[in-house]
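Structure first, then comments.
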Amino acid sequence: MAMADQAGNQPAFRLSMLIYDSRYRSLTIQAVALMLFMLAVAWLLSNAASNLAALGKPLGFGFLSQPAGYDINQRLIEYNNQMSHGRAALVGILNTLLVAVLGCITATAIGIIVGVLRLSSNWIISRLMTVYIETVRNVPVLLWIILTNALLIESLPKIASFRGKDPASDLILWDSVAVTNSGTFIPSPVFGGGSGIVIAMFVLSLIAIVFFGRWAKARQAATGAILPTFWIKLAIFIIPALLFFFIMGRPVTLEYPEMARFRFEGGYVIRNSLISLWLALSLYTGAFIAEAVRAGIQAVSQGQSEAAFALGLRPNKTMSLIVLPQALRVIIPPLISQYLNLTKNSSLAIAVGYMDVTGTLGGITLNQTGREMESLMILMACYLSISITVSVFMNWYNESIKMKER
Amino acid sequence: MKKTIIFGAMAVAGMAAVSASAATLDDVKAKGELACGVNTGVVGFAAPDASGKWVGFDVDVCRAVAAAVLGDSNAVKYVPLTSKNRFTALASGEIDMLARNTTWTFSRDVDLKFTFVGVNYYDGQAFMVPKALGVTSAKELDGATVCIQTGTTTELNLADFFRSNGMSYEPVPLDTNAENQKNYLAGACDVYTTDASALASSRATFENPDDHVILPEIVSKEPLGPLVRHGDNQWGDIVRWTLNALIAAEELGVTSANLAEMSNGTNSPEINRLLGTEGSLGEMLGLSADWAKNALAVSGNYGEIFETHIGESTAIGLARGLNAQWINGGLIYSPPFR
């Protein structure tokens, strides 16, 4: 192929060069491929639209503003059955986000602990962690969700056993928490007059903790003296807020769950559907994260920890100051995809009756309105945007902890 | 113009409506079997027996249609469907008909585009509670936890009932009858609500049926019947008149015992038209002349099917009630075979 000699005296552009000239050929191929792809998509869309029209179901999103007519047990925002399908979908999205966020946090904690312990020099502990990882991640997550739910339902006491004069089961933690097989009832805070000041104080002490942490770090860098930061931070965390709590005359009180005719009223309820989904997703994803953590730690050269030991750092300091920060660079990318997996796996929620967006929009709304195409399109858009948001954020975080090469 | 669709996820969603308006009768004949959507397991209505064979009140409707169309009552592919995915399966053409305790409502008929060909069981929504709870009326259920099958009319009726009575409740939405029973028996919910017939069916399978009571209130009308897609009237007619043949046979006194004898010709012109010895009703449907005879040969007439699967002699023990023939004061009524 003659390309070297053409570079010298630029010949006029001819159409045949789109194919025969390697400078343009790849562009041509890409353009053609793109056009074919667009045509295929257009054909699929028009096909779906014409088939839907033939069925007498033209595409339309008007159903979202019609009253939903069904109730949802777990609502993070105001909702009743007279509100619209759109509102019900929003309740579902928030429920999805709730379980995804809770799940990601606990899965990360489990993953880091298990991943580190798997490398432990203690034979029993490391083998136990291996068994945990291999059993959990080699069984489909749906089974874990159903199993957790079944265990909760069958093993915890019924609400009925809390009823009556001499109930078979009692509330725990000074009569404040009821663990039952339909959910755990906990007290909720009631904010009386003056509680604003207590909360403001609490926020101030959180800010103070951040500043104290920075100051202690700078001081250590400058002088080498180490402060017992944990205990000082704990004191800042508790003491001012507690002080103002008593000064203001205890404005924040607790509302305890009280047995009504059928169930506990007052306080908050954490339903078993949420607990089992949360627990199963965390344990499952945690096992994968543990493997990522182990890989990350093993990717850090042995010399690093040997050097740290030589400097006299203890094993836990070595781990937290030397090994983990370097391992994070390896851990974060697989961690992102585990977070995405967890979020997507949360769509199995209906197996335990948790009303996530798949349950509301993709379940009841789809079923009651018969709008399969529209519901699924919105559903896909929801998961897509949640996933993209997560990965954009995590990529930004990955960028910020990357080794800075100067 | 008939396009084929390979539509990835969306096809899975069941919108690949290729065969929506094609002739279902030809499809069924070409396949040699009837794809019939049934419940995932409600004893008496549709559930696999100990040998894995599907039996029940709704199953017999499928079998009768298969016998009428194909001459073989076993040429049925049973597709167990949850309340949530049943309509998608029917709309997409995955099944040819749905006989799955499905309530005939305006929006399912008009908006979801399904043809309900008749009613094979007049039902109503009721509540079951453990006797130990000491509840005697559904009006006392303020604050109760209620197990429901998600994606049903039950779910909407429940919301309406509690709202109109100014009561609150905690819904526990679950996918199948089995899940609901498990949660209810474990005490994770105080109440199980669904159609009264399904409650009776569930209760019959409990270890101690007497510990549970079905409250007297019937809070809704639930006319249950088989349904097909809009747009294929011939197929709709076949399913409709097969069901009517079962009903008319009971009224006319045609039973599985005297079927062979009666199909040789009787003095009653209507029985003769029904069984194909007179007139050409089968031909008008596009079926053989003995279509109704084949349908009746499967498990007898409507009354016999009722008694075999859910009647008072069975563990489920449902009385005919509203489902008696109109001549006995019920609502079961077939238009004339003429």
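Letters A, B, ... are given to chains in the order of the sequence lines, protein chains preceding strands, and every chain is numbered from 1.
Proximity to chain A (any heavy atom under 4.5 Å) is shown, for B/N157, by neither the backbone nor the side chain. Within the 4.5 angstrom heavy-atom criterion, no atom of B/L158 approaches chain A. For chain A, the nearby parts of B/L133 are the backbone and the side chain; heavy atoms of each come within less than 4.5 Å. Neither the backbone nor the side chain of B/T176 comes within less than 4.5 Å of any heavy atom in chain A.
Near-neighbour residues of residues 101-116 of chain B relative to chain A, defined by a heavy atom under 4.5 Å from a heavy atom of that chain, comprise B/D111, B/L112, B/K113. Contacts with chain A (heavy atom to heavy atom, under 4.5 Å) involve these residues of residues 161-174 of chain B, listed by number: B/R163, B/Y169, B/E170, B/P171, B/V172, B/P173, B/L174. Applying a 4.5 Å heavy-atom cutoff, the residues of residues 341-357 of chain A that approach chain B are A/I350, A/A351, A/V352, A/G353, A/M355.
Note that the CG atom of A/N272 and the CG atom of B/N183 stand 9.5 Å from one another [nearest 0.5 Å]. Atom CG in B/D160 sits 7.0 Å away from atom CG in A/N81 (nearest 0.5 Å).
Summarising the geometry of A/E154 relative to B/A186, their closest heavy-atom pair is OE2-CB, 4.1 Å, with the distance given to 0.1 Å. The minimum heavy-atom distance linking A/A150 with B/K182 is given by the pair CB-NZ, 4.3 Å. Taking each heavy atom of B/V135 and A/R261 in turn, the nearest pair found is CG2-NH2, 3.6 Å. Of all the heavy atoms in B/E155 and A/I364, the pair that sits closest is OE2-CD1, 3.1 Å. Nearest heavy atoms, A/Y70 versus B/A159: CA-CB, 4.4 Å. Considering all non-hydrogen atoms of both residues, B/D190 and A/F262 come closest at OD2-CB, 3.6 Å.
By the ring pair (Phe, Tyr, Trp, His ring centres under 6.0 Å) test, A/F162 pairs with A/F264, sequence neighbours left out.
Within 6.0 Å of CD in A/Q82 there are more than 12 heavy atoms belonging to other residues, nucleotides or ligands. Summarising the local packing, CH2 of B/W235 is surrounded by more than 12 heavy atoms from other residues, nucleotides or ligands at distances under 6.0 Å.
Here A/T369 is the residue among A/T365, A/L366, A/T369, A/V269 with the most heavy-atom pairs under 4.5 Å with chain B.
The backbone N or O of B/T153 sits nowhere less than 3.5 Å from a side-chain atom of A/Q368 that would complete a donor-acceptor pair.
Looking at heavy atoms from C-beta onward, A/N367 lies in side-chain contact with B/F87 at the 4.5 angstrom threshold.
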